Amino acid sequence: MRLGEIKQKIDRVVSDGHIIVIKNLPLYGEQAQSVTNYGDLIDALETLSTFEWNDVTASELELLINKYPKTVTAILSLEDFNALSAYIGRINTKLPLYYSILDTMVEEQDEKIINIKLPEKIKSLDDLSEFNKRISTLFKSFQIEGGFEFRDFDKGTSWYEIWINGTAFYAYFIACLKVAQEYYKAETEFFKSKKAGVDFEAAKASSGDDFTKETYKKNWLEAFIKTEVSRLVEEEIKALNGSTSQEMQTRLVIATTNLVHELGEGTEFHLSLNPPQYAEEQAGQLIIDYKKIREIKSLDESKQGRIEAPSRK
């Protein structure tokens, strides 16, 4: 794992003194605790459990994870909450020293950097060349003003750093990435569920015997992308860059479909280690505050509007 990624995981759960802090609310007369940063805590603790300096036994953490699967928020019994607090307390005795060393080794990233992890299936130069072509095509498919640049390799790892220029381009990229991640999750998880089976039978009853599960799945997923992209253009980001709404939606559907394909190939896309204020990753989930994006977009437009035209003599 990259040093910057390790630091990012720790940063999500530590205080200014670089000790891990549990965010919790008492429930049921303090017989249970709602841990509101549970997913981030587990992410950080799992990472820290792999280091030799951390002599706190990982078996305690494994018992907790088996009992409370990793979600953003979890409700723990008082006994388990106390066990988690004690576990973290023992780690906190050594963490500030480790963090201070880590902090000197990790460089800041521009907020509009996208970190891309190459798929493990790349085994040859031809594979790498094909991957590079796909990634270039993917970014170009957005066709939004600003463009993108290759910035760097994350040293000693199989990660690319790609910089996106332009608020609208970056906002649409991460928004479409979120849609692609949700699509991929539905494709790999939802369609194995009981609810999906019930929904299929209901759809089949009104469509005829030739309506197959594959047809239902294909139609559902295509409709999901189109609906979510339409929402981004019409309601959330609302940036057209000189295009019509339909033109923007058509391009973003293609771009999102390309992102879905890359996720299926095993490619990973992650935010900058220092992301903008309107986006973050929590327990593996991309969280976007579209209201803040619209505020920044409006500010950018107002600044452009205040640029005076050259005087004519």
Side-chain angles (χ1 to χ4, degrees), residues 1-28 30-109 113 115-118 120 152-159 161 266 268-275 280-287:
M1 184 179 295
R2 300 170 299 156
L3 292 177
E5 190 177 0
I6 294 169
K7 182 175 180 294
Q8 187 182 52
K9 287 177 181 289
I10 297 172
D11 281 342
R12 294 188 184 120
V13 295
V14 295
S15 66
D16 291 340
H18 305 142
I19 61 172
I20 297 174
V21 176
I22 304 176
K23 296 180 180 179
N24 61 290
L25 297 170
L27 297 174
Y28 315 125
E30 299 192 2
Q31 293 305 303
Q33 294 283 338
S34 174
V35 179
T36 57
N37 63 339
Y38 178 78
D40 287 335
L41 281 173
I42 297 302
D43 265 352
L45 293 174
E46 284 183 315
T47 299
L48 292 172
S49 69
T50 64
F51 300 129
E52 291 187 6
W53 62 262
N54 181 7
D55 55 4
V56 182
T57 174
S59 60
E60 299 175 51
L61 181 62
E62 291 170 3
L63 289 173
L64 193 68
I65 296 172
N66 290 336
K67 196 170 183 179
Y68 304 95
K70 191 190 300 182
T71 54
V72 174
T73 298
I75 298 176
L76 277 60
S77 69
L78 186 59
E79 179 182 1
D80 290 329
F81 177 78
N82 289 337
L84 174 63
S85 298
Y87 181 89
I88 289 174
R90 294 197 295 277
I91 291 175
N92 278 339
T93 60
K94 294 185 177 180
L95 182 59
L97 176 59
Y98 171 73
Y99 185 94
S100 66
I101 297 171
L102 183 64
D103 193 38
T104 64
M105 300 173 67
V106 176
E107 297 180 1
E108 293 277 315
Q109 279 190 331
I113 287 288
N115 294 290
I116 303 176
K117 184 178 182 181
L118 279 63
E120 293 183 1
D152 203 355
F153 296 101
D154 195 332
K155 307 299 187 296
T157 70
S158 55
W159 290 76
E161 295 179 2
E268 294 182 23
F269 299 86
H270 294 276
L271 300 180
S272 166
L273 299 173
N274 311 100
E280 61 180 319
E281 290 175 281
Q282 292 184 359
Q285 299 180 36
L286 188 53
I287 309 297

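Only heavy atoms go into these numbers, but all of them, side chains included; no hydrogens, no water, no symmetry mates. As the structure is a prediction and not an experimental result, all values here were calculated from the model.
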Peer 1: Mind checking salt bridge (charged side-chain N to carboxylate O under 4.0 Å, His left out) for K7 and listing every partner two or more places apart, or none if nothing turns up?
Peer 2: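 Residues passing salt bridge (charged side-chain N to carboxylate O under 4.0 Å, His left out) with K7: D11, D103.
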Peer 1: Are Q8 and V106 close enough that some pair of their side-chain heavy atoms sits under 4.5 Å apart?
Peer 2: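 When only atoms from C-beta onward are counted, V106 and Q8 do not touch, as no gap falls below 4.5 Å.
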Peer 1: In sequence, state the C-alpha distance, the side-chain angles, and the governing distance for E5 and N115, and then conclude on side chain to side chain donor-acceptor pair (under 3.5 Å).
Peer 2: CA-CA 10 Å; E5 190 177 0; N115 294 290; over 6 Å; no
Peer 1: Testing the basics here: between E161 and I113, what is the closest heavy-atom pair and its distance to 0.1 Å?
Peer 2: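 Heavy-atom minimum between the residues: CB-CG2, 4.2 Å.
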Peer 1: Would you say that D40 contacts I42 through its side chain, given a criterion of any heavy-atom pair below 4.5 Å between the two side chains?
Peer 2: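 No. Closest side-chain heavy atoms not under 4.5 Å.
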Peer 1: Please check: side-chain N/O of E268 versus main-chain N/O of K117, any donor-acceptor pairing under 3.5 Å?
Peer 2: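 Not at all, since once roles are kept as given, no pair shorter than 3.5 Å links the two residues.
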Peer 1: If every non-hydrogen atom of T50 is compared with every non-hydrogen atom of T47, which pair is closest and at what distance?
Peer 2: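 For T50 and T47, the tightest heavy-atom pair comes out as OG1-O, 2.6 Å.
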Peer 1: Compare every heavy atom of Q109 with every heavy atom of L273, then report the nearest pair and how far apart it is.
Peer 2: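 Closest approach of L273 to Q109: N-OE1, 2.8 Å.
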Peer 1: Heavy atoms only: give me the nearest N54-L48 pair and the separation to one decimal.
Peer 2: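 Closest pair (atom of N54, atom of L48, distance): ND2-O, 3.0 Å.
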Peer 1: Taking all heavy atoms of A44 and all of K9, pick out the closest pair and write down the distance.
Peer 2: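 The pair with the smallest heavy-atom distance is CB-O, 3.8 Å.
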Peer 1: For I22 and F81, which heavy atoms make the closest approach, and how far apart are they?
Peer 2: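 Closest approach of I22 to F81, heavy atoms only: CG2-CE1, 3.7 Å.
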Peer 1: Can you tell if the side chain of W53 reaches within under 4.5 Å of the side chain of L95, non-hydrogen atoms only?
Peer 2: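 Yes; the side chains approach each other to less than 4.5 Å.
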Peer 1: Below 4.5 Å, heavy atoms only, C-beta onward: do K70 and D43 meet side chain to side chain?
Peer 2: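 Result yes, sub-4.5 Å side-chain heavy-atom pair found.
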Peer 1: Going by side-chain hydrogen bond (donor to acceptor under 3.5 Å, both in side chains), name the pairs with one or both residues in residues 74-88, residues two or more places apart or in two chains.
Peer 2: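 Listed once each, the pairs are K67-D80, Y68-D80, S77-D80.
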Peer 1: Tell me whether Y28 at atom OH has more than 12 heavy atoms from other residues, nucleotides or ligands lying less than 6.0 Å away.
Peer 2: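 No, not enclosed.
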Peer 1: Restricting to ring pair (Phe, Tyr, Trp, His ring centres under 6.0 Å), what partner residues turn up for Y99, sequence neighbours left out?
Peer 2: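 Here the qualifying residues are H18.
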Peer 1: Would you say the side chain of L64 lies within less than 4.5 Å of the side chain of L76, judging by non-hydrogen atoms?
Peer 2: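 Yes, close enough: below the 4.5 Å cut-off.
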Peer 1: I want to check something: taking the side chain as every heavy atom from C-beta on, are I65 and L45 in contact at a cut-off of under 4.5 Å?
Peer 2: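 They are not in contact (no side-chain heavy atoms under 4.5 Å apart), so the answer is no.
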Peer 1: Decide yes or no for E281 and R12: does some side-chain heavy atom of the first lie under 4.5 Å from some side-chain heavy atom of the second?
Peer 2: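 When only atoms from C-beta onward are counted, R12 and E281 do touch, with a gap below 4.5 Å.
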Peer 1: Does a side-chain heavy-atom distance below 4.5 Å link I88 with L41?
Peer 2: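 Of all side-chain heavy-atom pairs linking L41 with I88, at least one is under 4.5 Å.
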Peer 1: Considering residues at least two apart in sequence or located in another chain, which fulfil the salt bridge (charged side-chain N to carboxylate O under 4.0 Å, His left out) criterion with E62?
Peer 2: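 For E62, no residue satisfies salt bridge (charged side-chain N to carboxylate O under 4.0 Å, His left out) once neighbours in sequence are set aside.
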Peer 1: Taking only residues two or more places apart in sequence, or in another chain, which ones meet E60 in a salt bridge (charged side-chain N to carboxylate O under 4.0 Å, His left out)?
Peer 2: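 Salt bridge (charged side-chain N to carboxylate O under 4.0 Å, His left out) check on E60 returns R90.
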Peer 1: Salt bridge (charged side-chain N to carboxylate O under 4.0 Å, His left out) with D16: which residues, sequence neighbours excluded?
Peer 2: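 With sequence neighbours excluded, D16 shows a salt bridge (charged side-chain N to carboxylate O under 4.0 Å, His left out) to no residue whatsoever.
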